[in-house]
Amino acid sequence: MRTGSDQSALEIVAETPHRLRIERHGRMRVPGIVFASRALLPDPAGDESLRQVANVATLPGIVRASFAMPDVHWGYGFPIGGVAGTDVDHGGVVSPGGVGFDISCGVRLLAADLDRDALAPRLGGLMDALGQAIPRGMRRGAVWTLASPGQLRDLLAGGAQYAVEAGHGVARDLLRCEDGGVVTGADPGGLSERAIERGLGQVGSLGSGNHFLEVQAVEKIYDEPAADAFGLWPGQVCVMIHCGSRGLGHQVCSDHVRLMEKAMARYGIEVPDRQLACVPAESPDGRAYFAAMAAATNYARANRQLLTEAARRAFGMCAGARLDLVYDISHNLASLEAHDVDGHRRRLCVHRKGATKALPPAHPDLPPDLIDTGQPVLIPGTMGTASYVLAGVPGNPAFDSTCHGAGRTRSRHAAARETKGRRLRDELEAHGIAVRGTSWQGLAEEAPAAYKDIDAVIDTAVGAGLCRKAARLVPLGVVKG
DNA sequence: ATGTAC
């Protein structure tokens, strides 16, 4: 198989129907493992993601394999849908490209005490209210305008916990956030002035691209005990929020890529692609990135918390309904974790870029009420298609990781060329899905036709032993960034 | 993803 413009062939072996192996060659330290059938791979004519899987396999300290999830596609340096663990006690690196520009981009699911049939007559009004209440698009305001850079620094240290303490949410919300809604080790003082400036006015905003707030309904339950523990039942109305750390996270990534491009030589590191800039995780530059990434992570968590409050107000007013947090989880992060590798316990820096952590049942990091089910995993589909709630399983080969979405097959440009925004809106409305967008082009770029089949992606993730299904959700209305 | 380009 040849990939894109690069004329050197990658040797790819199908190990199982759900798993391909890219054989080691050149400077690869480990093989590439892609959890996909050949049919699910992006078109190699416009996608270099398998070449990227092989490139990641050359990084210092990488162990086990360079992994790709079933939704893999071309990204900055690392593929989106990539997972890589490096041994930090043996020179293992951290790379901003392995996290992505939208640091701690993720998904939050809220469950209403409301059945879809009861909402039906009021859905239009609710969507209007959400359309008014949810700031979105490029530089278009936010739910919470911070008073000062000092207050932003408190938020960067405190995440969703800071937001709740300031009155934006309830204590129970934090029990249902990954990491309790706040990661430790953030150094807000280490962020550039530009990052702080960009962050001040965007707390509680969706942004654009594939970010959205969707009103959904539970269509099917696959795992009753898990659904019970997550608080989900058939016909229930839910809200899914997909967004990240906005301009602040983007600036953090840019700042540290630039620093690492210069610092790499000092550590004697060479990479096959400039976009894989990295430094040892346990170096001053590596620690600085981690501390800045943690601050951006807390920003993203607070962002989703503020949007939750805006959605709650709309639901209270228009539907007389309450929204409880099911879970909040990131799919763009690096974290320090202990894993068994070749019979030894190792401290790894696990990069997940467009990949979601999926801890198995009984994992010590789970809260007590989720210990028997495993970690809830939230997978947004595309507009007009299903979304999934999954759960972690034992024996996950990819450091307890799974997919994060449907995964693009067509570029934004190609999608916008082939689909008209207005027509897409009309089609969605004809299928009973209310649309509150911001730009016709933005809508067209997110056309479902530009993505893989979410059901096929999920079935592959399950078949590969990465997760199990808990519930399937279908869209009723979408507020588009 | 992103004040869609320093």
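Numbers restart at 1 for each chain; the letters A, B, ... are given by sequence-line order, proteins then strands. Note that the structure is predicted; figures quoted are calculated from it, not measured.
In terms of phosphate contacts, A/Arg246 brings a side-chain nitrogen or oxygen within less than 4.0 Å of OP1 or OP2 of B/dT2. Here A/Ser208 does not reach the OP1 or OP2 of B/dT4: none of its side-chain N or O atoms lies under 4.0 Å away.
A/Gly247 comes within 4.0 angstrom of sugar-phosphate atoms only, judged by non-hydrogen atoms across all strands, and of no base. Counting any heavy atom pair closer than 4.0 Å across all strands shown, A/Gly100 reaches no nucleic acid atom.
Atoms CD (A/Gln202) and C1' (B/dT2) sit 9 Å apart, rounded to a whole Å. One interatomic measurement links the two molecules: CD of A/Glu197 to P of B/dT2, which rounds to 18 Å at whole-angstrom precision. To the nearest angstrom, C1' of B/dT2 lies 14 Å from CD of A/Glu446. Per the geometry, OH belonging to A/Tyr76 stands 13 Å off P belonging to B/dA5, to the nearest Å. The interatomic distance linking A/Arg258 (CZ) with B/dC6 (P) rounds to 9 Å, in whole Å. Summarising the geometry, the separation between CG on A/Leu206 and C1' on B/dT2 is reported as 15 Å, rounded to the nearest angstrom. For the pair A/Gln251 CD and B/dT4 C1', the computed distance is 14 Å after rounding to whole Å. Across the protein-nucleic acid pair, A/Arg194 atom CZ and B/dA5 atom P stand 14 Å apart, rounded to whole Å.
A side-chain hydrogen bond (donor to acceptor under 3.5 Å, both in side chains) with A/Gln305 holds for exactly one of A/Gln161, A/His168, A/Arg108; it is A/Arg108.
Comment: A/Glu446 engages A/Arg412 in a salt bridge, judged by a side-chain N to carboxylate O separation of less than 4.0 angstrom.
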Got a list of side-chain donor-acceptor pairs under 3.5 Å for residues 94-104 of chain A, not counting sequence neighbours?
unit_1   : atom_1 : unit_2   : atom_2 : d
A/Ser95  : OG     : A/Gly97  : N      : 3.3
A/Ser95  : OG     : A/Ala277 : O      : 2.9
A/Asp102 : OD1    : A/Ser245 : N      : 2.8
A/Asp102 : OD1    : A/Ser245 : OG     : 3.3
A/Asp102 : OD2    : A/His211 : NE2    : 3.2
A/Ser104 : OG     : A/Ser330 : OG     : 2.6

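For A/Ser49 and A/Asp47, the side-chain atoms include at least one donor-acceptor pair closer than 3.5 Å.
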